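Quick caveat: nothing in here was measured; it's all calculated off a predicted structure. Just so you know, ligand 1 is whichever comes first in the structure, and atom 1 is the first atom listed for that ligand.
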Amino acid sequence: MAESLASPVAAVILAAGKGTRMKSETHKVLHPIGGRPMLMHLMSSLGELLPQRTLVVVGDRAEQLQAALTGTGAELVVQQPQLGTGHAVLQAVDAMPDFAGTTLILFGDVPLLTPATMKRLLEAVDRPGGPDIAVLAFRTDTPGAYGRVIADADGTMHRIVEAKDASAEELQVRLCNSGLMAVRSEHLGGWLRALRNDNAAGEYYLTDLIALARESGRRAVVLEGSPEEVIGVNSRNELAVAEGLFQARYRQNLMALGVTLVAPESVFFSHDTEIGADTLVEPHVVFGPGVRIAAGATIRAFSHLEGAEVASGCEVGPYARLRPGTVLHQGAKVGNFVETKKAVLGAGAKANHLSYLGDAEIGAKANIGAGTITCNYDGFLKYRTVIGEGAFIGSNSSLVAPVNIGAGAIVGAGSAVTKDVETDSLTLVRAPQESKPGWAARFRAQMQARKDKR
Ligand code: UD1
Ligand code: CA
C-alpha cells in the first residue's frame, strides 16, 4: 500500500468487453501505446500504489491476457457472459471475499490514467466517516454516449445516468463519468448484488452504485480530471489519439528534465526511453523500446534507435539506425547511413558513414571507414568481429567474421578480410594495382577512328 494511504488497495481492471471495433485478433487492451500494451501502462501506474491484489476481468481471449500478465502478480477473473460493468466488478469482488480496504475500479481500455489521479481517487475515500465512493469525471462539450454525472456543486453525487436512459434535460449535463472509481469495500459486494438490469441496455450498470449508496445513507463524491487522461480506446482511430496524447506527455516530461527537442512533435518515444539532461534530439527521430541516452549526447535528424545505450558526448546520425545490443561509449560517433546491431563502440570510436556493424566489438578511438561491412552471417549462424583500440579500417572493407583486427592495425581500403589481423600491422586484401601509361589516350584515338569510318 502506498505509504500515505491508510487502507489496503485492491485494483480491478475491467477488460471483458468484446472490443469489436478494433477489428483485431489481438485483445484490445494488448494493443501498444508507446510500444507497450495498454494494460501494462495501467499495471505500471498501479505499481506505484502497491495494491494488495490486482484482478483483471476478462471475457474472450483470456489466454492472451494470461500470457501478458505472467509474473506480474495480477489475477485473471473470467466474466462469461458479459452482463455489464456492474456484473464485471461483481465477478472480481466475489473472487476476493476477504478483502477489506479500497477497491479501485479501472478500465483496461483507459490506459493513460496517472498514478497521481489514482491516488486522488483512493484518498477521497480513505478515511473513516468519509464518502464510500469517489468517481472520476470530466467535462466536455461533446458528452455523446457518456454517462452523465448528477451532482451538487460541492461534489456530492446523486446518481449517474447512462446516456441511453437520460432525459433531454439530463443529456444537457456536461459532467461525464469516466467509468473509473474508488469504492470502500464494506458495502461494495452488497450494492453490486443489488444492481438490477431494468434499463435501456438490459445491463447491470456499475454506475447505479451511486444511487444505491445514496439510498442507504452513504455518500459518493465526484472528482474532476482532464478528459485527455481518461480517454478510452475502442477503435484504431482512438488508439492513435491515445498514442498522440502519450507522446505529447512524454515529450513534455523529457523537456522538463532538460532534454532539448528541436521539433518535439516529430520525435517519437517508447514508454521506457531514458534521456539525460542537455542531450539534443533533432527532428524526426524515433526511439523504439529499450533506449538509454546519457546526458550531453546529440541525436541527429532521422535516426532510429532501439535497444541501444548511448553515452554522453556521443553523436548519432543524421540517418543512423541503432538496433538492439548497440552500446556507444563516451564520445563515440555513428554517422549517416550506419546500421549497428549488437555492436559495442569504445570511447571515441567512429563509424561516420555508410556501414553495417553487427555482432561487433570496436575498441576505443578505432576509425571505421565509409562503407565498412561486418559480414556476420553465413545464412546459418552469426559470428563476431573484434576490432582493437585505435585500429583504422579503410573504406569499403568487408570484415568476414569471425575475425579479429588487432589494436592499432590499419586495413587498406577495399579489403575483404577473412583472417585475423595483427596488432599495428598493415593489411591489404585486394588485387594489386596495375597501370598502363598512355593506354586510355591510345584507346580513345583508336575507337574514334573506327567510329569515323562507319
Ligand atoms: C461506461 C459507463 C459510462 C461511462 C463510460 C466511460 C457504465 C454502465 N457506464 O459506459 O457511464 O461514461 O463507461 O467510457 O458503467 N466491461 C466488462 N464487462 C462487461 C461490460 C464492460 O468488462 O460486461 C468493460 C469493458 O471492457 C470496458 C469497460 O468495462 O473496459 C467499460 O465498458 P463499456 O461497454 O465501454 O462501457 P460504456 O457503455 O461505454
Ligand atoms: Ca466505452
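- Geometric assessment of Arg251 against the ring of Phe268 yields a positive cation-pi assignment under the 6.0 Å and 45° thresholds.
- In this structure, Ala15 has a heavy atom closer than 4.0 Å to ligand 1.
- A salt bridge between Arg53 and Glu75 is present, with a side-chain N of the basic residue lying under 4.0 Å from a carboxylate O of the acidic one.
- A heavy-atom separation below 4.0 Å is not found between His87 and ligand 1.
- Atoms of ligand 1 found under 4.0 Å from any heavy atom of Leu14 (numbered from 1 in listed order, with element): 22 (O), 24 (C), 29 (O), 30 (O).
- Taking the six-membered ring for Trp and the full ring otherwise, the centers of Tyr377 and Tyr383 sit at least 6.0 Å from each other.
- Note: no N/O pair closer than 3.5 Å links Ile160 and ligand 1 by distance alone.
- For Gly179, no nitrogen or oxygen atom sits less than 3.5 Å from a nitrogen or oxygen atom of ligand 1, counting backbone and side chain alike.
- Neither the backbone nor the side chain of Val110 comes within 4.0 Å of ligand 1, counting heavy atoms alone.
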Apply the test salt bridge (Lys or Arg N to Asp or Glu O under 4.0 Å) to residues Arg148 and Glu170: give CA-CA distance (whole Å), side-chain angles for both, the deciding distance (0.1 Å), then the verdict. CA-CA 7 Å; Arg148 307 298 204 271; Glu170 287 165 335; over 6 Å; no
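- An N or O contact shorter than 3.5 Å links Glu162 to ligand 1 by distance.
- One distance of note links CZ of Arg21 with CG of Asn237; it measures 10.0 Å at 0.5 Å rounding.
- No side-chain donor-acceptor contact under 3.5 Å links Asn199 to the backbone of Tyr205.
- Summarising the contacts of atom 13 (O) of ligand 1 with Phe138, Phe107, Tyr205, Tyr204, the nearest heavy atom is found in Phe107.
- Under the 30°/60° scheme for interplanar angles, the aromatic rings of Tyr146 and Phe138 are found to stand perpendicular.
- Only backbone heavy atoms of Ser178 (N, CA, C or O) come within less than 4.0 Å of ligand 1; its side chain stays farther off.
- Within ligand 1, counting atoms from 1 as listed, the ones closer than 4.0 Å to a heavy atom of Asp109 are 27 (C), 30 (O).
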Would Thr374 and Thr385 satisfy side chain to side chain donor-acceptor pair (under 3.5 Å), going step by step from the backbone distance to the final call? CA-CA 7 Å; Thr374 55; Thr385 300; 5.0 Å; no
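- The existence of a salt bridge linking Glu282 and Arg300 is confirmed by a sub-4.0 Å separation between a basic side-chain nitrogen and an acidic carboxylate oxygen.
- For ligand 1, the polar-atom distance check finds an N/O of Gly17 within less than 3.5 Å of one of the ligand's N/O atoms.
- Residue-level proximity to ligand 1 for Ala88 is carried by the side chain, the only part with a heavy atom below 4.0 angstrom.
- Between His41 and His271, the ring planes lie perpendicular to each other; the angle is over 60°, past the 30° to 60° tilted range.
- A heavy-atom separation below 4.0 Å is not found between Cys176 and ligand 1.
- No N or O atom of Thr207 sits closer than 3.5 Å to an N or O atom of ligand 1.
- Between Gly147 and ligand 1, an N or O atom pair is found at a separation short of 3.5 Å.
- Under 3.5 Å, the side chains of Thr273 and Ser270 contain no donor-acceptor pair of N or O atoms.
- Nearest residue to atom 36 (O) of ligand 1 from Val230, Val233, Asn199, Thr85 is Thr85 (criterion: closest heavy atom).
- Contacts between Gln79 and ligand 1, counted as non-hydrogen atom pairs separated by less than 4.0 Å, involve the side chain only.
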